[in-house]
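Order of listing sets the numbers, starting from 1, for every ligand and every atom in it.
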Amino acid sequence: VIRLLAPSTRSDLPGVRLDGTRCYIRPPRPSDWRAWVDLRARSRAFLEPWEPLWPTDATTRQAFMRRYRNQLDDWQAGRGYAFLLWRQADDTLLGGVSLSHVRFGVSCSASLGYWMGEQYAGHGYMAEGVRRVLDFAFDHAGLHRVEAAFIPENDRSRRLLEKVGFTVEGYARKYLRINGRWQDHVLTAILAEDPRSDG
Ligand SMILES: CC(C)(COP(=O)(O)OP(=O)(O)OC[C@H]1O[C@@H](n2cnc3c(N)ncnc32)[C@H](O)[C@@H]1OP(=O)(O)O)[C@@H](O)C(=O)NCCC(=O)NCCS
């Protein structure tokens with residue numbers, strides 16, 4: 001069930017909230033900057049090997065707002081749908097999950113990205129987050145295919161995608177520049193009609 005909340009200001013992202021059993025996803029808000037900066041700063045060593053090079057101001061309000069404004073533009077243009085992942089029990093920020101490079105027309109596909117705060121990883125929260133984002137992609141945004149790629153050594157990412165129901169489709173050499181280096185990636189995807197685990 002996709003719940004629609006009233007946006008608090010006219011420049012806010014849409015008031016969408018999708019609930020799992022222990023956590024939920026919703027688009028970011030400007031007031032999330034402190035929780036985001038704090039969690040990313042604490043998780044820096046855990047995240048950096050798997051992400052694009054962090055800018056010098058990566059753990060500042062300015063970096064959050066730059067990202068937020070891009071995400072707002074993307075939502076409005078239908079180019080991307082960014083969400084943050086929160087624990088239901090106490091509204092603690094756990095991580096982020098997003099759809100980017102949304103292509104309609106003959107493709108109707110998007111790329112999935114995600115990250116977790118180090119202290120919350122490995123508890124199955126991101127599997128719930130990815131399942132909810134797929135509900136959004138297939139039931140709300142009208143997409144047909146969601147793609148995700150990971151570096152072959154990223155066992156957590158491989159396992160996450162496998163358990164949610166993604167299929168490995170290929171291997172792309174030097175696919176993305178991660179942590180300052182062009183790195184090979186395993187390519188996976190899930191289609192709207194594919195079975196999805198809901199454990
Ligand atoms: C990838 C990431 C988002 C997954 O989030 P998560 O909260 O760990 O995801 P989940 O707990 O839902 O699932 C992870 C699975 O990997 C397993 N896992 C955890 N550590 C592992 C390891 N070192 N090797 C293999 N599997 C591992 C978990 O046991 C779990 O599988 P299970 O449910 O069968 O037990 C998170 O680990 C992360 O942010 N990693 C660092 C950054 C990153 O890799 N980003 C993605 C780039 S593609």
Side-chain angles (χ1 to χ4, degrees), residues 18-26 28 32 35-55 58-59 63-64 67 71 80-101 109-137 145-190 195-199:
L18 291 99
D19 278 82
T21 54
R22 295 171 300 155
C23 50
Y24 63 91
I25 61 170
R26 65 154 173 80
D32 297 330
W36 183 89
V37 163
D38 183 53
L39 187 60
R40 303 260 313 160
R42 276 187 284 138
S43 308
R44 183 167 192 147
F46 176 68
L47 296 173
E48 271 193 307
W50 314 107
E51 295 196 349
L53 211 53
W54 284 31
T59 53
F64 175 86
R67 211 181 254 236
Q71 291 166 344
Y81 307 107
F83 297 91
L84 293 175
L85 177 69
W86 304 82
R87 188 158 61 195
Q88 280 169 352
D90 55 4
D91 295 316
T92 295
L93 178 65
L94 304 173
V97 55
S98 61
L99 297 166
S100 58
H101 306 121
S109 65
S111 306
L112 176 72
Y114 40 70
W115 64 275
M116 279 299 285
E118 180 172 11
Q119 68 202 100
Y120 307 116
H123 296 282
Y125 289 125
M126 188 49 79
E128 282 191 36
V130 169
R131 290 182 183 114
R132 295 296 78 83
V133 116
L134 293 176
D135 292 343
F136 180 84
R145 173 185 176 84
V146 172
E147 301 175 342
F150 60 86
I151 295 171
E153 293 77 35
N154 195 341
D155 295 327
R156 292 188 185 90
S157 203
R158 179 193 298 273
R159 175 71 196 123
L160 169 68
L161 294 168
E162 177 184 75
K163 76 176 168 182
V164 172
F166 283 71
T167 299
V168 173
E169 294 186 333
Y171 188 88
R173 294 172 306 136
K174 309 220 164 165
Y175 185 60
L176 299 173
R177 190 156 55 206
I178 296 297
N179 201 17
R181 261 191 326 122
W182 289 106
Q183 303 206 40
D184 295 358
H185 278 71
V186 177
L187 305 179
T188 76
I190 189 164
R196 278 185 267 153
S197 74
D198 211 5

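The protein non-hydrogen atom at the shortest distance from atom 47 (C) of ligand 1 is Asn154 ND2, 3.7 Å. Among protein heavy atoms, the minimum distance from atom 48 (S) of ligand 1 is reached at Ser157 OG, 3.3 Å. Nearest protein neighbour of atom 4 (C) of ligand 1, counting heavy atoms only, is Leu160 CD2, 3.9 Å. Ranking the protein heavy atoms by distance from atom 1 (C) of ligand 1 puts Tyr114 CE1, 3.9 Å first. In this structure, the protein non-hydrogen atom closest to atom 6 (P) of ligand 1 is Gly122 N, 3.5 Å. The protein heavy atom nearest to atom 9 (O) of ligand 1 is Met126 CB, 3.7 Å. Taking atom 37 (O) of ligand 1 as the reference point, the nearest protein heavy-atom neighbour is Arg156 CD, 3.1 Å. In terms of protein heavy atoms, atom 39 (O) of ligand 1 is closest to Met116 N, 2.9 Å.
Close contacts of ligand 1 with Phe46, meaning ligand atoms under 4.0 Å from a residue heavy atom, involve 37 (O), 38 (C), 39 (O), 40 (N), 41 (C). Taking a cut-off of under 4.0 Å to the non-hydrogen atoms of Ala127, the atoms of ligand 1 that pass are 12 (O). Residue Gly124 approaches ligand 1 through these ligand atoms, each under 4.0 Å from one of its heavy atoms: 10 (P), 11 (O), 12 (O).
Residue pairs meeting the salt bridge (charged side-chain N to carboxylate O under 4.0 Å, His left out) criterion with at least one member in residues 39-53, sequence neighbours excluded, are Asp38-Arg42, Arg40-Glu51, Arg44-Glu48. Legend: salt bridge (charged side-chain N to carboxylate O under 4.0 Å, His left out) pairs involving residues 160-175, not counting sequence neighbours, sorted by first then second residue: Arg145-Glu169, Arg159-Glu162.
Here the shortest heavy-atom distance to atom 41 (C) of ligand 1, taken over Trp50, Phe150, Tyr120, Trp115, belongs to Trp50.
Between the side chain of Ser43 and the main chain of Gly117, no donor-acceptor pair closer than 3.5 Å is present. For the pair Arg87 (side chain) and Arg22 (backbone), a donor-acceptor distance under 3.5 Å is absent.
Contacts between Arg159 and ligand 1 below 4.0 angstrom, taking non-hydrogen atoms only, involve the side chain exclusively. Contact annotation: for Ala149 versus ligand 1, heavy atoms closer than 4.0 Å belong to the backbone alone. Only backbone heavy atoms of His123 (N, CA, C or O) come within less than 4.0 Å of ligand 1; its side chain stays farther off.
Inter-residue side-chain proximity for Ile25 and Leu84 is flagged as unmet; no heavy-atom pair is nearer than 4.5 Å. Side-chain atoms of Ile190 and Leu112, non-hydrogen and from C-beta on, never get closer than 4.5 Å to each other. With a 4.5 Å cut-off on side-chain heavy atoms, Ser197 and Arg131 count as touching. No side-chain heavy atom of Leu85 sits less than 4.5 Å from a side-chain heavy atom of Tyr120. Counting heavy atoms from C-beta outward, His185 and Ile178 have side chains that approach closer than 4.5 Å. Counting heavy atoms from C-beta on, the side chains of Phe136 and Val97 never come closer than 4.5 Å.
At least one N or O atom of Lys163 sits closer than 3.5 Å to an N or O atom of ligand 1. When only interatomic distances are considered, the shortest N/O to N/O separation between Leu47 and ligand 1 does not fall below 3.5 Å. Geometrically, ligand 1 and Ala121 share no nitrogen or oxygen pair separated by less than 3.5 Å.
Tyr24 does not carry Arg132 over the face of its six-membered ring by the limits of under 6.0 Å from the centre and within 45° of the normal.
The closest side-chain donor-acceptor pair between Ser109 and Glu147, if any, does not fall under 3.5 angstrom.
Distance screen at 4.0 Å: atom 16 (O) of ligand 1 has a protein heavy-atom neighbour inside the cut-off. Under the 4.0 angstrom criterion, atom 30 (C) of ligand 1 counts as having a protein heavy-atom contact.
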